[in-house]
Structure formats: C-alpha cells, structure tokens
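Read the structure below first, then the notes.
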Amino acid sequence: MSKVLVVDDSALMRRLLSTVLTQEGHEVTTARNGREGVERLVEWQPDVVTLDINMPEMDGLTALSLMMQARPTPVVMVSSLTEQGAQATMEALALGAVDFIAKPGGTISLSIDEIAHQLLQKVRTAARSHMRRPSVRPALAPRPASAPKPPPARTTTPTGARLGTSASALPGLVVIGVSTGGPRTLEDILPQLPANFPWPVLLAQHMPGNFTQAFAQRMDRLCALQVHEASTQMPIEPGHVYIGRGDTDMVVVERLGRLVVQPRPETPGHLWHPSVDVLMESAMRVMPAQKLVGVLLTGMGYDGARAMAELKSAGGRTIAESEETAVVFGMPSELIERGGASVVLPCGDVTRQLRHWIQKTA
C-alpha cells in the first residue's frame, strides 16, 4: 500500500480521510495547512498527497505549486462544489494535480461514505500515475497576442446557422476521450489548434457535472477555437469544441438534416461519464468512418477503446496517447491492445497529426 499525506485545515476532515485510507492499509500522516504540507512532503516523502484548497496560512494552490518544485508527487485535490471551488480545481490541475475529489455536502461525518470509494480509487490510481512536468504557462495566462481569437468568433451563433451545418457539408469530426490527467494533457493539445481548424471537436472528459462548465470556460480562454460545455442541444459547427457535461452522456444526432450534440442521462452499463464509447458510437451512426478521427488520451480503465477500435476497423483513423506521456496509461493501452490505434503518439505530437490528416482530406 501507499504512503499518503492528508493536508486539510479541518481536524474532522483529516480524521475522516485518514480513517478511510488506513482501513485499506495505507500509511497516513497529516498536515493542518499548506505550509505544513510542503514541509511534511519533503520530510516524509509520501507516494500520494490529498490537498484541500481553502486553508489558512497557505492555501492549497500555493502549496501545490511549491510541492511541484520541491518534490513532484501525485496530488489529489479535495474541492468544494461551489463555482469558485471548481475554478480553483481547474487551476490546480493545470499546476500539476493528477485528479480531484469533491467534498461531500451536508454533515461531513455523515456523508463521508459517499466519497470513500472514489477517494480510495483515485488514490490508488494516483499512486500508479506518471508525473508530468507542469505547464510553463501560468494557470490563467491570457491568449498570446500573436494568436488572438477573431472578434466575430466571440459572438453568438448567427441566426442563419443556429440549426448547425448540414451533415453532408461537415468535412468531418474529431472525437476525443480522456479521463485522469486529462485537463493538463488537453492544455498541451487544444490550444495548438488554429481558429480555422475545419473539423469540429467533440470531447468526453470524465468529470462531475459541477466542474465541466469551469473546465470549458478555462479551455475557451486558452484556445483559438470556441469551447462550450454541451449542457443543452447545440449545433455542431467548424471552429468549435464541445465538452460533454459531467454526469451525462453527450451524443451526436441528426435534426432536420443537421448535426447537433445533446446531453442525455448516463447510459446504463457504462462505468464512466461522459462516456467516450457512447459519444463515439453516436458519431459513427451519423458520419462515415472515413470522416471521423478518434483520439484516446490518458485515463484509467477502458472507456472508448471498444468504439474506437470499431472505428479503425470500419476505415476511420485513431490516435492513442503513448505511455511516454500518459499520466495513466489505461484507456490508450486498451486501444493499442485491441489493435485499434492507427498511430501511437506522445501528447505533444497529437495536434500535428490531426492537422496532417485533415489537410490531406481537405
């Protein structure tokens, strides 16, 4: 089992998290604030850290930044469900945190069981994860002046296009699936796509519903493309990225001859949501395989591997992230083992491959 450092200013939360972890056999020590957490990290050298965000003396984001400098270690953030907490969590993932878990609502001592299984699963996954160097870009850096988002693209969809582009007119779709380690990995990929990238991008990132809006907003600030959380039915247009809302599945459907994305309740029989398999299967029902590209990135488990392997067999193209850069080499490994990867690439080469393929089909 692993050595786990629990950093939280709440004595009750420290005790409850420690109890859950020690019952599974983990060795646990605690710290009361970020400053103590950084000191204990260096002294005790844990395998995993759970880190609260809002703490006195030194907050979790400052502590995380110092931890990544002092001794890079897998960190699971413990975040509130508020909008402010969601924004801070996205910053933490950009700074190097591997994953996060939402604090239980209501009386903590009565609701800790709601997150116990998730906590143990995320700590186990974090202990096996591959640490990547944090982005050199500040967490909320503005878009470079050399690549501004064109002003017209910031407006709402024009009246004549609200129904979306006709299915026959769309040149193709890129479908991306990702889980643990995804937000930081995507920051190395999506901002590299130009504003005139001709294929819409559909993204299933395993994440709770309270956090996908903050994630979409952050990515929209970083990307030349327009990025949306698909919380309602939306037309699919070139120059846009659509992120599935957490706690739902995003699907592609045809309405009046035009393609739209829409959320629907979590599909029974699928363990992870938004489901990559469900999204990919829906895209294959409305677009020929030759006009689809599937990208399977870091993440635990096997979501997306089956559908993307079927896409490749049908004549589509797929990319699996290599073990070299994957924070958790689960989902892409499964795709490779199924013979479903057209190419296996480090995340830094994904954008170049997408542009190469799409230029050839233009």
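Computed from a predicted structure; not experimentally measured.
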CD (Q233) with more than 12 external heavy atoms under 6.0 Å: yes
Worked verdict on I53 versus L64 for side-chain contact (heavy atoms from CB on, under 4.5 Å): CA-CA 9 Å; I53 291 180; L64 175 63; over 6 Å; no
Would you call L190 and V227 a side-chain contact if the rule is heavy atoms closer than 4.5 Å? no
Tightest non-hydrogen contact, residues C347 and T325, listed as N-OG1, 3.1 Å
Could you go through the side-chain contact (heavy atoms from CB on, under 4.5 Å) check for M77 and L93 one step at a time? CA-CA 8 Å; M77 303 302 296; L93 294 173; 5.6 Å; no
Is the shortest side-chain heavy-atom distance between V328 and S179 below 4.5 Å? no
Here the pair of heavy atoms bringing K312 nearest to T318 is CD-OG1, 4.1 Å
So, E321 and T298: side-chain donor and acceptor under 3.5 Å apart, yes or no? no
In terms of heavy-atom contacts, W199 and K291 come closest through CZ3-O, 3.6 Å
Heavy-atom pair of closest approach, residues D249 and S275: OD1-N, 2.8 Å
Taking atom types as modelled, find out whether Q226 and E237 have a side-chain donor-acceptor pair closer than 3.5 angstrom. no
Does a side-chain heavy-atom distance below 4.5 Å link V343 with Q353? yes
For F329, enumerate each residue passing the ring-ring contact (aromatic ring centres under 6.0 Å, His included) test, keeping only those at least two apart in sequence or located in another chain. none
Are the side chains of W357 and I319 in contact, using a 4.5 Å heavy-atom criterion? yes
Find out if a path of hydrophobic residues (ILVMFWY) with successive side-chain heavy-atom gaps under 4.5 Å connects L345 to I358. yes
Checking the side chain of S282 only, and the main-chain atoms of V252 only, is there a donor and an acceptor separated by less than 3.5 Å? yes
Starting at CD of Q205, measure out to CD1 of I243 and round the result to the nearest 0.5 Å. 8.0 Å
Flag yes if L12 and I112 sit in one hydrophobic cluster, no otherwise; membership is Ile, Leu, Val, Met, Phe, Trp, Tyr, and two members link when side-chain heavy atoms are under 4.5 Å apart. yes
Any Lys/Arg nitrogen of D99 or K122 sitting under 4.0 Å from an Asp/Glu carboxylate oxygen of the other? yes
Evaluate whether atom CD of E254 has more than 12 neighbouring non-hydrogen atoms of other residues, nucleotides or ligands under 6.0 angstrom away. yes
With a 4.0 Å cut-off on N to O distance, would you call E27 and K3 a salt bridge? no
Residues two or more places apart in sequence or in another chain: which of them pass side-chain contact (heavy atoms from CB on, under 4.5 Å) with A31? L5, V7, E36, R40
What pairs with E57 under salt bridge (charged side-chain N to carboxylate O under 4.0 Å, His left out), at least two apart in sequence or on another chain? R35
M308 and V276 have their tightest heavy-atom pair at CE-CG1, 3.9 Å
Close side-chain approach of D303 and L271, heavy atoms under 4.5 Å: no
Report yes or no: does R14 contribute a side-chain atom to a donor-acceptor pair with the main-chain N or O of D8 at less than 3.5 Å? yes
Between S65 (side chain) and L61 (backbone), is there a donor-acceptor pair under 3.5 Å? no
Tell me if the CZ atom of R306 is crowded by more than 12 foreign heavy atoms within 6.0 Å. yes
Say you draw a straight line from CG of N210 to OG1 of T89; how long is it, rounded to the nearest 0.5 Å? 10.0 Å
Worked check of side-chain contact (heavy atoms from CB on, under 4.5 Å) between Q192 and R352: CA-CA 9 Å; Q192 306 306 315; R352 185 183 304 111; over 6 Å; no
Apply side-chain hydrogen bond (donor to acceptor under 3.5 Å, both in side chains) to E229 and Q217, showing your working. CA-CA 8 Å; E229 180 198 41; Q217 290 171 344; over 6 Å; no
Is the shortest side-chain heavy-atom distance between E24 and M1 below 4.5 Å? yes
Would a distance-only check, ignoring hydrogens and angles, find a side-chain to backbone donor-acceptor pair under 3.5 Å from H117 to E114? no
V123 vs L21 side-chain heavy atoms within contact, under 4.5 Å: yes
Which is it for V48 and T73 under the side-chain contact (heavy atoms from CB on, under 4.5 Å) test, yes or no, and what are the steps along the way? CA-CA 6 Å; V48 180; T73 302; 5.7 Å; no
Report the distance from atom CE of M67 to atom CG of L51, rounding to the nearest 0.5 Å. 5.0 Å
For the pair H130 (side chain) and E324 (backbone), establish whether a donor and an acceptor sit closer than 3.5 Å, ignoring hydrogens and angles. yes
All ring-ring contact (aromatic ring centres under 6.0 Å, His included) counterparts of F100, not counting sequence neighbours: F211
Donor-acceptor side-chain pairing of T19 and Q23 below 3.5 angstrom: no
To the nearest 0.5 Å, tell me how far D113 CG sits from L16 CG. 9.5 Å
List for me each residue that meets ring-ring contact (aromatic ring centres under 6.0 Å, His included) alongside H228, sequence neighbours excluded, and say none if there are none. H240, Y242
Residues A94 and E187: closest non-hydrogen pair is CB-OE2, 3.8 Å
Closer than 3.5 angstrom, by distance alone: can the side chain of R184 be matched with the main-chain N or O of V327 as a donor-acceptor pair? no
Say whether M219 and V174 are linked into one hydrophobic cluster, either directly or through other cluster members, by side-chain heavy-atom distances under 4.5 angstrom. yes
First locate atom OG of S129, then atom CE of M300, and finally report the distance between them rounded to the nearest 0.5 Å. 12.0 Å
M331 and V344: same hydrophobic cluster, using ILVMFWY side-chain contacts below 4.5 Å? no
Tell me which pairs pass side-chain hydrogen bond (donor to acceptor under 3.5 Å, both in side chains) where either residue lies in residues 47-56, with sequence neighbours left out. D52-K103
Examine the side chains of T62 and D59 and answer whether a donor and an acceptor come within less than 3.5 Å of each other. yes
Can you tell if the side chain of L297 reaches within under 4.5 Å of the side chain of I176, non-hydrogen atoms only? yes
Once you round to the nearest 0.5 Å, how far does CZ of R221 lie from CE of M90? 11.0 Å
